[in-house]
Structures are given as C-alpha cells and as structure tokens.
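Keep in mind it's a predicted model, so treat the numbers as computed, not measured. Numbered from 1 within each chain, the chains take letters A, B, ... in sequence-line order.
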There are 2 protein chains.
Amino acid sequence: MDKFIDYIRNYTEHPVSSQEKDLLQQAFRPKKLRKRQYLLQEGDVCRHLSLITKGAMRQYSVDDKGGEHTVQFGIENWWMSDRESFELGSPSRYNIDAWEDTELIQIGYEDWWRLRSEIPAMRILTAEMDKRHAVASQKRIHAAITLTAEERYLEMMKSQPAFIQRFPQNMIASYLGISPETLSRIRKQAFLRGD
Amino acid sequence: MDKFIDYIRNYTEHPVSSQEKDLLQQAFRPKKLRKRQYLLQEGDVCRHLSLITKGAMRQYSVDDKGGEHTVQFGIENWWMSDRESFELGSPSRYNIDAWEDTELIQIGYEDWWRLRSEIPAMRILTAEMDKRHAVASQKRIHAAITLTAEERYLEMMKSQPAFIQRFPQNMIASYLGISPETLSRIRKQAFLRGD
DNA sequence: GCTATGCGTTGATTTTTATCAAGGGGGAGA
DNA sequence: TCTCCCCCTTGATAAAAATCAACGCATAGC
C-alpha cells in the first residue's frame, strides 16, 4: 500500500492522512496472475479497477474468426479495466489477461466511488488519470485516421518502447490493427533504411 | 445560463445553489461563430472549453498535403476543445471550426478548475463527461483496429445518425479515415443491398 | 533429448482502398 | 440570371495491406 501512496505522489503533492491511508488499505486488494491467466473474460462484468504493480497485461476482443484485437496494453503502474463494463455493470466485450506473471492491486466499484468522495487526493488522482487517458486516446484515434501502418509502428516505437520490448510482435500487430506479416515487412523495411 | 443548469441536470440531480449559479454565470461566456469561422487554429493554445448550445463544429488536423483529418464532430450539448492543449497550455495541432452558424458558452482553464473544486455538481458533471468520453474513445479505437471501412460507416450510421445528417460526406469520410470516393462506393453498395 | 507449439519471416496472390481524373448537379453570391 | 465553387459520383489505375502457405527457429513440457 506504500506503493500506492507513492503512486499517488506521481500525480499530486496533496497530503494523504493516516486515516485516509487506512481507508485505502481496506479498499485495495492484492491479486496475482500467472502468465496467460485471465483477469476478465468476455461476457463477464468488470467489477474492479486493477493497478499493475508488477508484470504486463493486455485487453483484447476476439472476432468471429478467432482473431484477437488488442485495445490496450498495460505494464507497471498502468490501470487495467473495461471502463464501460466497470461503470455500467454491463457484460464486457473484452478479455483481459496476463502476458507475464503479474501482480495487481484491485478496487471495486463502490469503494472506488466512495474513496473519490472522501479522499481529496483520490479526486485529484482520478482527474489526472482521466486527463492522461483522454490525451492518449485522442492521439491513438488521430494516428488511426491519419498515418500509414508503418508510421503508426514507428510512432509507437518512439512513444511506447516498453510495449515493443515486452510484448510479442503478433500482439503489437494486433494493437496496431495490422497483420503480423505486415508488421514483419514494416520492420524489415525500417531496418534496411536504418530507422 | 439556465441552459447550462438544465445541461447539468442531464448528469446529476445534485443541487446547485443560487450562489453556485452566480459563480457559473460569471465563469461562462457566450460566443457566436459564423459557418466556417475558426474557434481554434493549429499552433494556438486552446484556452477554453466550449459547450455548443446551437450549431455544428468539427475538430481536425491538416496534413502536409493539405488533407483534412477529422478527430471530432460536435453538435448541441457537445464540448469542443483540444484537451491536451487546454490542460498543458501547449500549441494545438488541431483546428476547430464551425460547420454551421454556431453559439457556444465558454469557460477558461482557471475558472474550470476552480468551479470543479467549489461546486460539487461540477465535479460530478466532469467525472461523468470523462467517463462517457473514455467509453466513446475506446469504441472508436476498437472500431479502427477491428472493422472494415464499410462496417465503420454502418456503425456510425447507427450510433451517430445526427452527424451523418448534418455533416457533408467528405467530412464523414475524413472522420472515418477513408477517402470520399471510398465512402461514396460504400454508400452505393449499402444502398443496393438495402442496408 | 525429443516433440509439439508458437512465433516470426518470406513469397505469392487477392482484396481493399487510395489516387487520379472527369463529369454533373446544387447552392451561394454578384 | 449567370458564374463560380464545392460536393458527390464514377471509372481506371496504383498502392497498401490482408490472406494463404510454407519454412525455420526457439521454447516449453514430457
């Protein structure tokens, strides 16, 4: 839980009292997942927000031909959830699983909203999280309608090198919305050009 | 301003005192734009969040060949801003202009954050806005990596018919990340199939 | 050590979409 | 009314990417 207080420190200097720390301690639960173990399966309701303290995960949908489409990667200090399912209590269209052995801390819906009203630092944290998420989403949408597949890959190498290093290429391809073969060709071209 | 209070009512039943109403009144300014008039030009800092009370607008980038790429449409009760530029005070990569004669109410950065801390209903409103935006963004990202151009258009017709009706087809195409010619062909196919 | 599985690469072919070009129609402004 | 500009459609061609297929390599499990 000291980890989480440290985490909040990345976002705000706002003080967290010892009473507030107790509230946080009670609300967050640790969880461990083995590589490939599900956190969420399509059709289930996402009941927790989960913060990765160690490991790597992905969120993806599976199409009617079995193809996987990755909407989100997460590594340490990233949150994993299907936001819509979490907020609305609706069955999720996504799976979330671990690509590496993973450790999380999780919080349920009621606790999340209670902490937001009772702890000012939590309000600041969530506002900041939402802001960063909005900015990142817009960039990804802009890239999707503006850039070629190769440009998107090169952009990802610059902005998210850790994902490139820790996830296999076929998952990178599915995150970029291209086939693994195309990604392989793009990488070869970039290498030959010295990018 | 009664309009804005009504607007908040869409989001929460939380009471807004007459004192709070005064604060809102002072913070929001009306603005009118003629069709095609800029609200924000690329390179400028986005200093306001703007709520459309009447009209239609778009947010788009211009590439080095002069092509326009639309990341956002807005009609009545939609907010228009470059969030990143607004929050960071950085020059925006986007333009925002009016497609129809438009009326707005605007609020600046300091006022926005002050109202958020002073008026509980504003906090609820912004949390809800962020939630809806996150859900919508995820859907758009998922569509971009999962669906064909035609499927994306058909999906847009279902989820955002007002945009289809009020914006010209070349802008719809640029929002979908496809050429106007391709959109024209897609529409013809769908029509011939009775979609 | 052996086998099976999964991943990445490569070539060929097909599909999807972009680009180029031109024509027609509608709307706005003088 | 006339002119100009913009939009949409259509056909032809080019480019980008997907799909199919096969191979080689590395890793995990027995």
Selection from C/dA18, D/dA18, C/dC7 that lies nearest to any side-chain heavy atom of A/P168
C/dC7
Among C/dG8, D/dA17, D/dT9, find the nucleotide with the atom closest to the side chain of B/R187.
D/dT9
B/R36 CZ to D/dC5 P, in whole Å, measures 13 Å
Please confirm whether the shortest side-chain N or O distance from A/K188 to OP1 or OP2 of C/dT9 is below 4.0 Å.
no
Rounded to whole Å, please give me the gap between CD in B/E100 and C1' in C/dA28.
16 Å
State which of D/dA17, C/dC7, C/dG8 makes the closest approach to the side chain of A/A149.
D/dA17
In terms of ring plane angle, is the pair B/F73 and B/F167 parallel, tilted or perpendicular, where the classes change at 30° and 60°?
parallel
Give B/G67 one of three labels, base, sugar-phosphate or nothing, depending on what nucleic acid heavy atoms sit under 4.0 Å from its own.
nothing
Spacing between A/I186 atom CD1 and C/dG8 atom P, to the nearest angstrom
14 Å
Taking only side-chain nitrogens and oxygens of B/Q169, does any of them come within less than 4.0 Å of OP1 or OP2 of D/dC6?
no
Would you say B/S179 places a side-chain N or O within less than 4.0 Å of OP1 or OP2 belonging to C/dT19?
no
Rounded to whole Å, how long is the line connecting atom CD1 of A/I164 with atom P of C/dG8?
12 Å
For atom CZ of A/R185 and atom C1' of C/dC7, their distance in whole Å:
15 Å
Between A/R47 and A/Y109, is a side-chain hydrogen bond (donor to acceptor under 3.5 Å, both in side chains) present by the stated rule, with each step listed?
CA-CA 6 Å; A/R47 297 195 186 282; A/Y109 184 76; over 6 Å; no
On the nucleotide C/dG8, are OP1 or OP2 found under 4.0 Å from the side-chain N or O atoms that A/N170 carries?
yes
Under the criterion side-chain hydrogen bond (donor to acceptor under 3.5 Å, both in side chains), I'd like the reasoning laid out for B/S81 against B/H48: C-alpha separation, chi angles, the key distance, then a yes or no.
CA-CA 7 Å; B/S81 75; B/H48 301 93; over 6 Å; no
Atom CG of B/L176 to atom P of C/dT17: distance rounded to whole Å?
11 Å
Using a heavy-atom cut-off of 4.0 Å across all strands, would you classify A/L183 as base, sugar-phosphate, or nothing?
nothing
Starting from C1' on D/dA18, measure out to CD on B/E151 and report it in whole angstrom.
14 Å
Cluster link A/F86 to A/L125, ILVMFWY, side chain under 4.5 Å
yes
Once you round it to whole Å, what is the distance between P of D/dC8 and CZ of B/F191?
17 Å
Derivation of the salt bridge (charged side-chain N to carboxylate O under 4.0 Å, His left out) call for B/R166 and B/E76:
CA-CA 12 Å; B/R166 290 172 72 167; B/E76 288 82 6; 2.8 Å; yes
With the side chain of B/E181 defined as its heavy atoms from C-beta on, choose the nearest nucleotide among D/dA18, D/dA17, C/dT19.
C/dT19
